[in-house]
Chemist: 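Below is one structure. I have some questions about it.
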Amino acid sequence: MINSVGQVGIPVKNIERATAFYQGTLGLPLLFHTDTMAFLQSGDVRILLTLPEKQEYDHPSSVVYFNVESTRIAYSELRNKGVEVCGEPHVVSKMDGVETWMCFFRDSEGNTHAFMSEERAE
């Protein structure tokens with residue numbers, strides 16, 4: 001029935017500020033934008049930044065976990081860019097010699113997201 005996730009919508013308060021964060025700070029390619037929406041690409045998933053159309057959509061988004069090569073390097077890059085991080089990178093699981101690393105951060109709109117990577121255990 002379901003093949004994959006195609007798009008994730010993230011409610012924002014200021015479309016220009018949010019687009020600058022996702023494009024400039026996180027490095028996601030901007031596909032196109034309107035006055036109230038911006039579409040960016042993250043691998044096979046499209047990220048939709050949108051001003052809430054109705055009060056019922058005006059709340060923080062779900063946590064989006066972005067795959068990166070190294071969570072620790074991505075964490076350092078975020079800190080150097082002045083992004084609010086929520087703790088240090090840490091291992092959340094270890095299976096068959098592969099560790100899953102995560103770190104959480106807040107976007108320009110107050111939404112919490114995460115970087116994650118799967119790395120060979122040292």
Side-chain angles (χ1 to χ4, degrees):
M1 179 191 316
I2 296 173
N3 292 328
S4 64
V5 174
Q7 181 169 294
V8 174
I10 298 175
V12 301
K13 298 172 183 136
N14 180 306
I15 197 71
E16 291 84 15
R17 180 180 61 209
T19 301
F21 179 86
Y22 283 83
Q23 183 182 23
T25 304
L26 297 184
L28 298 179
L30 176 66
L31 300 174
F32 64 97
H33 66 90
T34 68
D35 291 342
T36 59
M37 298 182 287
F39 294 85
L40 299 102
Q41 196 71 39
S42 177
D44 293 335
V45 178
R46 208 172 345 176
I47 303 293
L48 164 62
L49 306 177
T50 182
L51 297 175
E53 293 180 25
K54 298 178 180 177
Q55 183 67 30
E56 66 195 71
Y57 301 127
D58 188 12
H59 55 77
S61 75
S62 297
V63 176
V64 178
Y65 294 82
F66 293 98
N67 282 320
V68 294
E69 288 288 322
S70 167
T71 297
R72 290 169 280 184
I73 291 172
Y75 167 83
S76 294
E77 291 175 359
L78 279 185
R79 292 208 53 176
N80 289 340
K81 293 179 179 178
V83 174
E84 180 184 352
V85 294
C86 312
E88 301 280 327
H90 56 281
V91 174
V92 296
S93 69
K94 184 176 181 179
M95 293 184 295
D96 300 326
V98 176
E99 296 173 332
T100 300
W101 283 81
M102 286 188 191
C103 75
F104 293 85
F105 62 94
R106 293 198 205 293
D107 70 7
S108 60
E109 309 308 299
N111 296 303
T112 300
H113 299 305
F115 283 148
M116 64 179 290
S117 60
E118 293 185 338
E119 304 175 29
R120 281 263 159 233
E122 296 176 358

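Predicted model only: the values in this text are computed from it and were never measured. Scope of the values below: all heavy atoms of this structure, side chains included, with no hydrogens, waters or symmetry mates.
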Chemist: Nearest 0.5 Å please: distance from the CE atom of M102 over to the OG atom of S93.
Modeler: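 One gets 7.0 Å once the value is rounded to the nearest 0.5 Å.
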Chemist: For K81 and G24, which heavy atoms make the closest approach, and how far apart are they?
Modeler: NZ-O, 4.0 Å
Chemist: Identify whether L26 and V5 are in the same connected component of the hydrophobic contact network (ILVMFWY, side-chain heavy atoms under 4.5 Å).
Modeler: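 Linked, L26 and V5 end up in one cluster.
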Chemist: Going only through I, L, V, M, F, W and Y residues with side-chain contacts under 4.5 Å, is there a path from F32 to L30?
Modeler: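 Per the 4.5 Å side-chain linkage, F32 and L30 are not co-clustered.
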Chemist: With a 4.5 Å cut-off on side-chain heavy atoms, are F105 and T25 touching?
Modeler: no
Chemist: When hydrophobic residues are tied together by side-chain contacts of less than 4.5 Å, even through go-betweens, does Y22 share a cluster with L48?
Modeler: no
Chemist: Are the side chain of T71 and the backbone N or O of W101 linked by a donor-acceptor pair below 3.5 Å?
Modeler: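 Judged by distance alone, yes, a pair lies under 3.5 Å.
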Chemist: Do you reckon M116 sits in the same ILVMFWY cluster as V92, going by side-chain contacts under 4.5 Å, direct or chained?
Modeler: yes
Chemist: Within a radius of less than 6.0 Å around CD1 of I73, do more than 12 heavy atoms belonging to other residues, nucleotides or ligands occur?
Modeler: no
Chemist: Is the backbone N or O of P11 less than 3.5 Å from a side-chain atom of N111, with the two atoms forming a donor-acceptor pair by type?
Modeler: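 The answer is yes, because a donor-acceptor pair under 3.5 Å joins these two groups.
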Chemist: Can you list everything that forms a ring-ring contact (aromatic ring centres under 6.0 Å, His included) with Y75? Sequence neighbours excluded, please.
Modeler: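 Expected list: none.
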Chemist: Start with the C-alpha distance between L28 and Q23, add both sets of side-chain angles, then the distance that settles side-chain contact (heavy atoms from CB on, under 4.5 Å), and finish with yes or no.
Modeler: CA-CA 5 Å; L28 298 179; Q23 183 182 23; 5.9 Å; no
Chemist: Can you establish whether the number of heavy atoms outside E69 located under 6.0 Å from its atom CD is more than 12?
Modeler: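 No, the 6.0 Å shell around CD holds no more than 12 heavy atoms from other groups.
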Chemist: Is I10 close to T50 at the side-chain level, that is, under 4.5 Å between some pair of heavy atoms?
Modeler: no
Chemist: Could you tell me if the side chain of I15 sits less than 4.5 Å from the side chain of T36, heavy atoms only?
Modeler: no
Chemist: Do V83 and D107 come within less than 4.5 Å of each other through their side chains, counting heavy atoms only?
Modeler: no
Chemist: Do R120 and V98 make a side-chain contact, defined as non-hydrogen atoms from C-beta onward lying under 4.5 Å apart?
Modeler: yes
Chemist: Side chain of E16, backbone of A18: donor and acceptor closer than 3.5 Å?
Modeler: no
Chemist: Which atom pair, heavy atoms only, marks the closest approach of A38 to T19?
Modeler: CB-OG1, 3.3 Å
Chemist: When rounded to the nearest 0.5 angstrom, what is the spacing between CZ in R72 and CD in E88?
Modeler: 12.0 Å
Chemist: Measure the shortest side-chain to side-chain distance between F39 and Q7 over non-hydrogen atoms and say whether it is less than 4.5 angstrom.
Modeler: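 SC-SC contact between F39 and Q7 confirmed.
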Chemist: Would V12 and L51 count as a side-chain contact (heavy atoms from CB on, under 4.5 Å) here? Give the steps.
Modeler: CA-CA 5 Å; V12 301; L51 297 175; 4.1 Å; yes
Chemist: Counting only heavy atoms not in D44 (residues, nucleotides, ligands), do more than 12 fall under 6.0 Å from its CG?
Modeler: no
Chemist: For residues F66 and V8: do they belong to one hydrophobic cluster (side chain heavy atoms under 4.5 Å, members Ile, Leu, Val, Met, Phe, Trp, Tyr)?
Modeler: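 In one cluster with F66: V8, yes.
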Chemist: With under 30° as parallel and over 60° as perpendicular, where do the rings of F104 and H90 fit, or are they tilted in between?
Modeler: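 If you compare the ring of F104 with that of H90, the planes turn out parallel.
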Chemist: Just by modelled atom types, is the V45 backbone N or O under 3.5 Å from a matching donor or acceptor in the S42 side chain?
Modeler: no
Chemist: Would you find a donor on one side and an acceptor on the other, under 3.5 Å apart, between the side chain of E109 and the backbone of K13?
Modeler: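 Present.
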Chemist: Could you tell me whether R79 atom CZ has more than 12 heavy atoms of other residues or ligands within 6.0 Å of it?
Modeler: no
Chemist: How far apart are the closest heavy atoms of V63 and A114, and which atoms are they?
Modeler: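 Closest approach of V63 to A114: CG1-N, 4.1 Å.
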Chemist: So do H113 and S61 actually touch side chain to side chain, heavy atoms under 4.5 Å?
Modeler: yes
Chemist: For a 4.5 angstrom cut-off between non-hydrogen side-chain atoms, does L49 reach F21?
Modeler: no
